[in-house]
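Here the structure comes first, spelled out in structure tokens, and everything after it is commentary.
Lettering of chains follows the sequences in order, A, B, ..., and the numbering in each one begins at 1. Please read these numbers as outputs of a predicted model, since none were measured by experiment.
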2 protein chains.
Amino acid sequence: MGHENGGGSNNSSGDSGATGPVRTLADLARLAGVSTGTVSRALAGKSLVNAETRERIQALAREHGFRPNQMASKLRSKRTGVIGVVIPLGHEKRQHISDPFFLTLLGWLADELTESGYDVMLSRAIPDGTSDWLERITGSGMVDGVLLIGQSDQFEVIEAVASHYRPLVAWGAYREGQVHCAVGTDNIAGGRIAAEHLIASGARSLAFMGETKGIEINERWRGAEAAAQEAGVPIMRIPISLASDDMARQIAEAAQAANRELDGIIAASDLIAMNVLRCLHEKGRAVPGDVQVIGFDDLPLASMTMPPLTTIRQEIAGGAKAMVEKLKALLEGNPAESMKMAPRLVVRGTTKGA
Amino acid sequence: MGHENGGGSNNSSGDSGATGPVRTLADLARLAGVSTGTVSRALAGKSLVNAETRERIQALAREHGFRPNQMASKLRSKRTGVIGVVIPLGHEKRQHISDPFFLTLLGWLADELTESGYDVMLSRAIPDGTSDWLERITGSGMVDGVLLIGQSDQFEVIEAVASHYRPLVAWGAYREGQVHCAVGTDNIAGGRIAAEHLIASGARSLAFMGETKGIEINERWRGAEAAAQEAGVPIMRIPISLASDDMARQIAEAAQAANRELDGIIAASDLIAMNVLRCLHEKGRAVPGDVQVIGFDDLPLASMTMPPLTTIRQEIAGGAKAMVEKLKALLEGNPAESMKMAPRLVVRGTTKGA
DNA sequence: GCAGGAACTGCAAACGTTTGTATGACAACT
DNA sequence: AGTTGTCATACAAACGTTTGCAGTTCCTGC
């Protein structure tokens with residue numbers, strides 16, 4: 001391990017002529033006096049090769065810092081060891097991965113995947129009206145499988161691709177009978193819980209803040225709307241773009257317009273909730289005194305706002321783990337069922353609690 | 001373009017027997033009645049091939065949803081179009097990519113890289129005492145170049161690898177004469193500015209909160225310490241681990257121990273600052289009335305705390321852009337110089353301002 | 001002492017591209 | 001008309017692995 005030079009048996013300098021850098025199996029084979037096939041097997045640690053020879057070859061490889069070319073290996077073995085993680089930007093024009101929910105999920109996915117020995121290939125995809133954005137990734141032989149961070153408004157495209165490309169798991173909504181495997185939260189229930197909590201805490205006029213074009217947020221809206229109607233409480237919908245600079249302005253305008261009446265705000269995500277909080281603070285409205293606010297996601301930063309944010313928790317870490325497990329099942333040819341996780345109310349300081 | 005069937009010249013159904021799925025250039029070549037070489041050139045859009053033939057082949061490819069196998073392509077052309085983005089976890093045992101600074105930088109890097117037509121391969125590397133963690137990535141022929149998100153405590157390893165592997169750019173510190181290209185903030189200046197601002201705003205007893213083993217944070221500490229000494233203000237150093245659950249506890253303990261005297265806290269990062277803020281709030285100490293707090297990074301979430309966080313801004317987006325540009329220069333064989341960006345004080349609500 | 005296995009190892013054929021060179025056709029110039 | 005040149009395409013050699021199959025050696029049991 002420690003010193004290598006000075007030992008004597010090594011040929012680190014001047015042996016049988018200038019042995020250039022060892023770049024290929026063939027080079028190493030020549031050095032070891034065996035065939036490339038044997039070297040390949042030895043490095044793969046297969047038992048087909050004599051233990052002693054294997055050790056010798058591995059030592060030689062280490063000494064010369066040799067690493068087999070992955071492209072060649074992958075081409076031949078038709079297995080890349082790479083999972084594509086794709087973020088469909090969908091309707092959002094702003095071309096950013098920087099959304100904290102995406103990043104959080106990505107972090108957990110990356111952890112799980114590397115844990116399982118996979119490499120992660122990150123792609124930001126901008127749907128273009130065809131299914132090309134996805135098939136470019138699935139069909140290139142570059143990845144063994146694909147993980148989708150969100151469905152955006154591309155449900156049909158994903159279905160179409162999944163019908164002929166098996167190893168694909170998406171974070172998002174599950175609709176009865178869909179073919180692609182999805183892991184996500186029960187957003188309708190989540191929306192409902194949020195509205196019910198607000199109403200139970202005394203809110204009498206609600207607003208839902210979020211752009212409802214994406215499937216998931218649309219479901220949250222529908223859940224909230226249903227709960228409000230059942231309770232006979234008025235609820236309005238205020239679309240908020242996710243592009244962060246617009247967001248503040250839009251929220252300000254919305255708050256302006258609906259100034260007095262509102263006393264309960266359901267934000268479609270924690271990110272929106274944080275902006276709402278700040279906006280209300282600037283307007284001098286007390287939270288939760290004048291207005292109660294509830295978020296969605298329970299990102300790490302939700303507990304750091306002032307007051308800490310009441311929110312609907314999605315099990316992001318658990319979901320990431322499930323996504324990877326299901327993908328692995330699919331890669332092995334086994335079926336994988338979609339999974340809908342129950343959302344959980346986390347009461348903190350922005351609602352009057354129960 | 002529009003309809004293809006019914007024209008007559010196409011063989012989309014029933015022609016010369018069941019033309020199975022088109023998987024290789026050879027398949028397509030047979031269909032088009034040309035050689036694989038021509039198909040390859042046609043799909044690459046090279047001018048060596050007759051415009052008409054090229055169109056025909058491209059149309060055929062589209063029709064059959066053919067995509068050339070990337071592994072084969074990359075093997076042959078020795079160019080992968082992939083950039084490895086590596087997060088060295090270094091001294092931190094906790095194996096998480098989820099640090100918000102990392103994720104923010106990663107987001108920008110991914111945006112810049114995909115913009116330039118590169119794919120992004122994400123690796124979480126756990127340094128193991130050797131340089132293997134890095135060479136495994138650089139030496140595998142899997143990526144064209146490597147971007148390091150932070151140097152952790154692996155400065156020497158990075159230097160060693162960079163001496164024989166050119167296309168490598170790191171976010172982090174620049175030391176006189178280093179061989180690897182680094183892009184980062186002048187952390188010493190940043191630490192100094194933070195301390196000076198606190199002192200100018202009336203702080204008389206400072207604390208620096210952060211683990212100073214990593215190069216960058218160590219520099220921030222040195223800058224702050226120097227400024228404090230010059231002003232004759234006492235400053236203490238409180239190591240804070242970055243593992244988020246420990247963090248809160250450690251901060252609470254530290255605050256306990258140094259209870260009364262402290263009136264100025266320099267957090268080594270915004271994340272730490274947010275935890276400090278929350279902790280102080282729980283203890284009932286007013287910010288900035290009793291204690292002033294300043295962060296470092298200016299992450300998006302810095303403006304969302306209550307009160308909004310005064311911090312030292314690093315140009316993360318600009319830095320990401322620079323990293324990618326420098327990497328591209330290196331990939332083209334040109335030299336690339338390290339870059340040290342000036343930090344900027346952003347005064348918000350957690351200090352008494354000036 | 002010999003047949004029948006084990007246990008290893010070598011050989012060579014893929015994997016699916018890209019690309020340098022050769023070939024053929026046809027136009028243009030002398 | 002012969003030569004030169006251009007253009008379009010075919011041919012075939014890489015790229016560096018993995019892996020089925022076929023040897024080779026050596027041992028075991030009869």
Can you give me the N/O atom pairs linking the protein to nucleotides 23-25 of chain C at distances under 3.5 Å, or say none if there are none?
none

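Between A170(A) and Q151(A), the closest heavy-atom pair is CB-CG, 4.3 Å. Residue A182(A) comes nearest to G172(A) through the heavy atom pair CB-O, 4.2 Å, listed as atom of the first residue, atom of the second, then distance. Pairing each heavy atom of A42(A) with each of V49(A), the nearest pair is CA-CG1, 3.9 Å. Annotation for P127(A) and W133(A): closest pair CA-CD1, 3.4 Å, computed over non-hydrogen atoms.
S40(B) comes within 4.0 angstrom of a base, heavy atoms only. Backbone-only contact: K78(B) has heavy atoms under 4.0 Å from sugar-phosphate atoms and none from a base.
At least one donor-acceptor pair under 3.5 Å links the side chain of E159(A) to the backbone N or O of H180(A). Distance alone, capped at 3.5 Å, places no donor-acceptor pair between the E332(B) side chain and the N334(B) backbone.
Running 5' to 3' along DNA chain D, contacts with non-hydrogen atoms of chain A at under 4.0 Å begin and end at dG16(D) to dG20(D).
Residues passing the salt bridge (charged side-chain N to carboxylate O under 4.0 Å, His left out) test with D144(A): none are found, sequence neighbours excluded.
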task = Step by step, work out the side chain to side chain contact (heavy atoms under 4.5 Å, CB included) result for V169(A) and V183(A).
result = CA-CA 7 Å; V169(A) 178; V183(A) 171; 4.3 Å; yes
- Query: Are Y165(A) and L134(A) close enough, and set up right, to give a side chain to side chain contact (heavy atoms under 4.5 Å, CB included), and what steps lead you there?
  - Reply: CA-CA 11 Å; Y165(A) 184 84; L134(A) 226 195; over 6 Å; no
- Task: List the steps and the verdict of side chain to side chain contact (heavy atoms under 4.5 Å, CB included) for L147(A) and I83(A).
- Result: CA-CA 7 Å; L147(A) 253 25; I83(A) 299 298; 4.1 Å; yes
Q | Check against side chain to side chain contact (heavy atoms under 4.5 Å, CB included), V120(A) and V120(B) | A | CA-CA 8 Å; V120(A) 177; V120(B) 178; over 6 Å; no
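In this structure, CE of M71(B) is placed 16 Å from C1' of dT18(C), rounded to the nearest angstrom.
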Contacts table for residues 21-29 of chain B: side-chain donor-acceptor under 3.5 angstrom, sequence neighbours left out:
residue, atom, partner, partner atom, Å
T24(B), OG1, A26(B), N, 3.2
T24(B), OG1, D27(B), N, 3.2
D27(B), OD1, R30(B), NH2, 3.4
D27(B), OD2, R23(B), N, 2.9
D27(B), OD2, T24(B), N, 3.2

Going 5' to 3' through nucleotides 8-13 of chain C and flagging B where a protein heavy-atom sits under 4.0 Å of the base, S where only the sugar-phosphate is that close, and - otherwise, we get SBBB-B
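Salt bridge D132(B)/R67(A): present, at least one basic N to carboxylate O contact under 4.0 Å.
The overall bend of the helix from dG1(C)-dC30(D) to dT30(C)-dA1(D), read as the angle between its terminal helix axes built from five base pairs each, is 50° when rounded to 10 degrees.
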